[in-house]
Structure formats: C-alpha cells, structure tokens
Amino acid sequence: MGAVCTTLIAGVEAVRKGIAKPIGSLTQMGTIRLGKRTEGKTPLIRDFVPLAKLDDIVFAGWDIFGGNLYDAAKTAEVLDKETLEKIRPYLESIEPMPAAFDQHYVKRLTGTRIKSGKNKRDLAEQLRKDIQEFKKKTDRQVVTWTGSTEIFLSPTAVHQTLAAFEKGMENDDPGIAPSQLYAWAALTEGIPFINGAPNLTVDIPAMNELSRKMNAPICGRDFKTGQTMIKSVLAPAFKARMLGVSGWFSTNILGNRDGEVLDDPASFKTKEESKLGLLQTILQPELYPDLYKDLYHKVRINYYPPRGDNKEGWDNIDIFGWLGYPMQLKVDFLCRDSILAAPLALDLCLFMDLAARTPSLRGLGIQEWLSFYFKAPDSAPGVYPEHDLFIQSMKMKNTLRHIMGEDLITHLGLDYYGG
Ligand SMILES: NC(=O)c1ccc[n+]([C@@H]2O[C@H](COP(=O)([O-])OP(=O)(O)OC[C@H]3O[C@@H](n4cnc5c(N)ncnc54)[C@H](O)[C@@H]3O)[C@@H](O)[C@H]2O)c1
C-alpha cells in the first residue's frame with residue numbers, strides 16, 4: 001500500500017465521488033472499433049466487455065508499515081491534500097494487514113508490522129487465510145503486487161515445478177522471495193495475480209503450472225509507465241523508417257520510496273534488467289545488423305529526494321540516417337510516476353477479472369494480451385515478448401474482440417476499394 005496503490009485506491013474513490021476523471025485508464029475512457037470503418041461502431045470498452053463497475057470494487061491489502069490508507073497516501077505525497085481531504089473517511093477505513101516480509105529481499109526497508117511463522121510455507125498459509133476472509137465479503141477477487149522492487153533473482157531448481165516450489169517454501173529456500181508467497185497464496189485460492197514490479201515473482205514454470213492448474217491467470221512484470229513507455233513508442237518508429245540507432249542513454253531522478261529502494265544495487269539490478277530488454281526485442285539487431293548491432297544502451301536511476309514522486313527522465317538518442325549521417329533526439333519527460341501507474345493497475349485488475357471469467361483465456365497461465373501494460377512482459381516459454389506499444393495495443397483490442405465473438409481487425413482494408 002505504497003505510492004502506486006494508494007494513488008489507485010484514492011483515485012477510484014475520487015472518480016466514484018465525481019471529484020475527478022479516470023484519465024489514463026483504457027477500461028474507463030477507451031473505445032474499440034468494431035466492424036468496418038464505414039460502420040461507425042466504436043463503443044466504450046467498458047460497455048463492450050463485461051467489466052466490473054468501479055462502484056462494485058472493494059479494496060484490501062498488506063503493508064509492512066502500520067497506519068491507514070489516508071496516512072499512507074499522505075506519506076506517498078502523490079495526491080494533494082485537498083483531494084485527500086474529500087475522501088478522507090473512506091481512506092481512513094482501510095488498514096493494511098501485516099505483511100509477509102524479509103529484509104534480505106528489500107534491503108532499504110525495515111518492517112514494523114510483519115507476520116511471523118515457522119517457515120515461508122507458514123507465512124504463505126497466513127496470507128491465504130487473509131484472502132479467505134476477504135473472499136467471504138466479495139464475489140470475485142484479483143491480487144496485484146504493487147509492493148517494492150526486490151533483489152535480483154534468477155530462476156533456480158526450486159522454481160521449476162510446483163512440487164519443488166512448495167518443498168522450497170517449507171525449507172526456507174533463499175530463491176523464494178516474499179512477492180512469490182503472495183502469488184502462491186492467491187493462485188492457490190484460484191485468484192488471478194498481477195505483478196506490477198520488476199521482480200521474478202510469477203515468471204517461473206512453477207507459477208505457470210499453478211496458474212494453469214487453478215485456472216487463475218497471471219501477468220507481469222513492471223508497469224510500463226514513463227520512460228520505457230516512450231521508448232516503446234520511439235524505437236518502433238525508428239525501425240519502421242529503417243533509421244539506425246547507435247546509442248540510447250536513459251537517466252532518471254526520483255525521490256519517492258521506490259527511488260530509495262532502487263538506490264540499493266541489488267534492487268536496482270532487478271529494475272535495470274526490466275528496462276534493458278525491450279530495445280533488443282523491438283529493434284531486432286540480428287535481422288538489421290547495419291542499423292542496430294552496435295547499439296549502446298545504458299539506463300540509470302538516481303535517488304534524489306527533493307523530487308518525490310515527480311520523476312524526471314532524460315533520454316539522449318543517437319540515431320543515423322541516409323548514408324550513415326548522424327542525428328540526435330533528446331527527450332525530457334517530467335512525469336508523475338504513480339499518476340501514470342495507477343490507471344494501469346486499475347485496468348489490469350478489471351481485465352484480469354475478465355480473463356478469469358473467459359473460458360478460452362483462464363487456463364492459459366500468462367495473459368500475453370496484457371503485455372501492453374508491462375516493461376518486461378512475461379511470455380510463454382520460447383516466445384519472445386512483444387514490446388512495441390502499438391502492436392501490444394492491437395493485440396489487446398483483438399483479444400477483446402475475440403472474447404466477445406467479434407471479427408478481428410487486420411487493417412488490410414482492401415474491401416473498401418472493391419478488392
Ligand atoms: N510508480 C510507478 O510509476 C511504477 C512504475 C512501474 C513499476 N513500479 C513498481 O511498482 C512497485 C511499487 O511502486 P511504488 O512507487 O508504489 O513504491 P512504494 O515504495 O511507494 O510502495 C511499495 C510498498 O510496498 C511495501 N512492501 C514492501 N515489501 C512488502 C511485502 N513483502 N509485503 C507487503 N508490502 C510490502 C512497502 O512498505 C511500500 O509501502 C515497485 O516495485 C515499483 O518499481 C512503479
């Protein structure tokens with residue numbers, strides 16, 4: 001219940017009360033074209049697919065710090081005091097449950113309200129109990145990890161099968177991070193799980209197995225919000241025009257708690273890996289060696305407290321064109337991290353709830369059609385993830401058409417001209 005989560009919950013309540021509009025949320029504001037362009041059919045997505053209504057959403061969560069959501073939102077310093085005051089009683093009514101936490105995985109935080117148990121399995125079972133209580137008050141559930149970035153973990157033997165993972169929890173295997181205990185608890189309860197952080201969490205065979213077994217969809221990782229969102233728009237543009245890229249230097253300053261956590265090299269490594277992968281996949285240097293084989297890509301994140309949640313991201317991009325002549329592009333994005341992330345978290349909850357009710361999707365495990373929302377999307381083994389924002393957007397909208405039995409749109413369009 002940090003910056004992203006409090007901004008999501010406070011934002012949903014502000015929208016419900018008519019105080020503000022859900023800008024940035026595709027499920028609330030987006031439309032979808034159906035049929036041919038001449039038919040003029042573009043309903044709102046929320047009228048087209050049966051999504052849960054904002055009025056029906058109930059929130060609960062965990063954190064390692066005590067205090068209600070009003071206090072947590074004040075600490076996060078994303079929304080102004082005036083907005084928070086208008087919804088204060090609602091925010092004060094939500095109190096995080098004690099967390100399953102281990103400082104080994106998030107070095108910069110010291111928990112004050114954490115569960116104790118004899119091993120990781122025991123902690124995960126306690127999380128299951130929390131979820132079971134919440135189930136009694138609600139019809140359907142989705143769990144989202146908006147917790148901190150954990151240290152970098154690579155898959156090991158303990159992640160390969162569900163049996164190995166469950167044994168590993170009993171043996172306190174160091175390869176199992178707290179975020180994975182939440183994921184295991186949710187999936188075991190048959191509840192979809194979204195990973196908004198760059199953590200390994202559900203991108204392992206064991207979670208895939210559990211997800212398929214329980215018909216509880218999974219997706220992740222790392223909300224695609226600021227700099228990486230812009231990158232996944234610009235890089236496809238260069239490639240579409242066959243322009244070369246020799247260097248891409250990205251740096252950020254941010255001063256929120258996430259920035260503080262990322263100041264630890266082990267957590268930064270997790271974030272760095274998640275931010276680095278996309279250029280290789282989008283630009284395909286193996287297919288276009290003359291354009292991209294020497295690309296130098298560097299990503300930096302600097303913790304700078306005065307900026308709080310208002311991150312600034314700079315990109316210097318060295319490109320080259322006709323006959324190899326060099327050019328440069330500079331991007332300076334003065335963004336607000338959690339203002340960009342909150343609508344993505346909302347859309348993902350609503351779409352994952354829909355996926356869990358869709359027979360052709362719920363048994364698939366990873367929901368690749370939601371890669372639109374992630375920096376380093378989880379994908380099926382052997383399939384490279386799609387990073388180009390516009391391909392991701394088309395894929396998602398076609399999946400919605402598929403769910404509702406509408407014709408998919410290929411953008412061929414010959415029939416408008418008698419073809
Ligand atoms: N803000 C963005 O735009 C953005 C974008 C992409 C990804 N993310 C990722 O989303 C995550 C959350 O970001 P944020 O800005 O809200 O950070 P934050 O530090 O404000 O919030 C994270 C919260 O998680 C809590 N936490 C840590 N470990 C926990 C555990 N084991 N159980 C329960 N709670 C735990 C922390 O106490 C904190 O309150 C981070 O991993 C971040 O990298 C954020």
Side-chain angles (χ1 to χ4, degrees), residues 1-10 24 60-67 69 71-79 96-115 120 123-124 126-127 130 143-152 176-183 185-186 194-201 220-229 252 254-264 267-275 301 303 307-311 313 333 335-345 348 373-377:
M1 290 202 159
V4 174
C5 186
T6 54
T7 308
L8 162 70
I9 298 176
W62 299 266
D63 207 297
I64 66 171
F65 300 115
L69 221 72
D71 295 326
K74 255 191 356 196
T75 307
E77 289 185 322
V78 178
L79 300 177
M97 295 173 275
F101 180 73
D102 181 342
Q103 198 175 23
H104 172 69
Y105 299 91
V106 185
K107 303 254 187 290
R108 295 288 154 103
L109 299 184
T110 307
T112 54
R113 284 186 81 229
I114 57 178
K115 297 182 191 300
K120 292 183 178 180
L123 293 174
Q126 292 179 42
L127 294 172
D130 293 340
V143 174
T144 307
W145 176 268
T146 55
S148 304
T149 305
E150 297 172 328
I151 58 170
F152 183 73
I176 299 179
S179 64
Q180 293 177 316
L181 304 182
Y182 290 87
I194 300 156
N195 175 22
N199 308 335
L200 183 65
T201 316
R221 49 172 118 155
D222 209 5
F223 298 130
K224 181 154 86 174
T225 47
Q227 192 169 57
T228 309
M229 192 264 285
N252 297 271
L254 86 161
N256 58 14
R257 188 177 279 152
D258 187 33
E260 190 181 351
V261 166
L262 294 174
D263 214 28
D264 171 59
S267 285
F268 173 69
K269 167 107 174 109
T270 309
K271 194 61 145 188
E272 187 185 29
E273 291 288 317
S274 132
K275 278 175 162 267
I301 300 177
Y303 178 50
R307 279 300 171 87
D309 201 64
N310 297 345
K311 178 155 90 179
F333 191 7
C335 62
R336 290 172 188 266
D337 236 13
S338 303
I339 292 294
L340 291 169
L344 310 195
L348 282 162
Y373 291 105
F374 296 111
K375 274 194 199 69

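In each ligand, atom 1 is the first atom listed, and ligand 1 is the first ligand listed. When reading the values below, keep in mind they use all heavy atoms of this one structure, side chains included, and skip hydrogens, waters and symmetry mates.
You'll find the side chain of Tyr105 stays beyond 4.5 Å of the side chain of Gln180, heavy atoms only. Annotation: side chain of Asp337 is not in contact with side chain of Phe223 (no heavy-atom distance under 4.5 Å). Taking 4.5 Å as the limit, every side-chain heavy atom of Leu344 sits out of range of all side-chain heavy atoms of Met229.
Residue-ligand proximity, Pro178 to ligand 1, at heavy-atom distances under 4.0 Å covers atoms 31 (N). Short contacts between ligand 1 and Ala341, defined as distances under 4.0 Å to a heavy atom of the residue, involve ligand atoms 2 (C), 3 (O). Under a 4.0 Å criterion applied to the non-hydrogen atoms of Ala197, ligand 1 contributes the atoms 41 (O). Near Phe65, meaning under 4.0 Å from any of its heavy atoms, are these atoms of ligand 1: 37 (O). Counting atoms of ligand 1 from 1 in the listed order, those under 4.0 Å from a heavy atom of Trp145 are 29 (C), 30 (C), 31 (N). Within ligand 1, counting atoms from 1 as listed, the ones closer than 4.0 Å to a heavy atom of Asp337 are 1 (N), 2 (C), 3 (O).
Judged by distance alone, the side chain of Lys375 and the main-chain N or O of Lys224 form no donor-acceptor pair under 3.5 Å. Checked by atom type and distance alone, the side chain of Thr149 never pairs as donor or acceptor with a backbone atom of Ser267 at under 3.5 Å. Side-chain atoms of Asp222 do not come within 3.5 Å of backbone N or O of Ala376 as any donor-acceptor pair.
For the residue pair Thr201 and Ser179, a side-chain donor N or O sits within less than 3.5 Å of a side-chain acceptor on the partner.
Nearest protein neighbour of atom 37 (O) of ligand 1, counting heavy atoms only, is Asp63 OD1, 2.6 Å. With hydrogens left out, the protein atom closest to atom 17 (O) of ligand 1 is Asp258 CB, 3.7 Å, a heavy atom. Taking atom 5 (C) of ligand 1 as the reference point, the nearest protein heavy-atom neighbour is Thr225 OG1, 3.4 Å. For atom 16 (O) of ligand 1, the closest non-hydrogen atom on the protein side is Val4 N, 2.8 Å. Among protein heavy atoms, atom 27 (C) of ligand 1 sits closest to Ser148 OG, 3.1 Å. The nearest protein atom to atom 9 (C) of ligand 1, hydrogens excluded, is given as Gly196 O, 3.6 Å; this is a heavy-atom distance. Of all protein heavy atoms, the one closest to atom 20 (O) of ligand 1 is Ala3 N, 2.8 Å. Protein heavy atom in closest approach to atom 6 (C) of ligand 1: Phe223 O, 3.1 Å.
At least one heavy atom of Asp222 sits less than 4.0 Å from an atom of ligand 1. Within the 4.0 Å heavy-atom shell around ligand 1 one finds Thr146. Residue Tyr182 places a heavy atom less than 4.0 Å from ligand 1. Under the 4.0 angstrom criterion for non-hydrogen atoms, Lys224 is not in contact with ligand 1.
When all heavy atoms of Ala197 and Ser148 are compared, the pair lying nearest together is CB-O, 4.3 Å. Across all non-hydrogen atoms, the minimal contact from Ser338 to Val4 is OG-N, 3.7 Å.
Comparing Ile64, Leu181, Val78 by heavy-atom distance to atom 35 (C) of ligand 1, the nearest is Ile64. The heavy atom nearest to atom 31 (N) of ligand 1, out of those in Ala100, Gly259, Ala99, is found in Ala100. When the heavy-atom distances from atom 24 (O) of ligand 1 to Ala76, Gly147, Gly226 are ranked, the shortest goes to Gly147.
Summarising the local packing, CD of Glu260 is surrounded by more than 12 heavy atoms from other residues, nucleotides or ligands at distances under 6.0 Å. Taking a 6.0 Å sphere around CZ of Arg113, one finds it holds more than 12 heavy atoms contributed by other residues, nucleotides or ligands.
Every N/O-N/O distance between Pro198 and ligand 1 stays at or above 3.5 Å. Of the polar atoms of Lys375, none of the N or O atoms is found under 3.5 Å from an N or O of ligand 1, judged by distance alone.
If you look at Tyr373 next to ligand 1, there are no close heavy atoms at all, none under 4.0 Å.
Counting only residues at least two apart or in different chains, salt bridge (charged side-chain N to carboxylate O under 4.0 Å, His left out) contacts with residues 97-109 comprise Arg108-Asp263.
For the atom pair Asp63 CG and Ile114 CD1, the distance stands at 11.5 Å (nearest 0.5 Å).
When the ring pair (Phe, Tyr, Trp, His ring centres under 6.0 Å) test is applied to Tyr182, the partners found at least two apart in sequence or on another chain are Trp62, Trp145.
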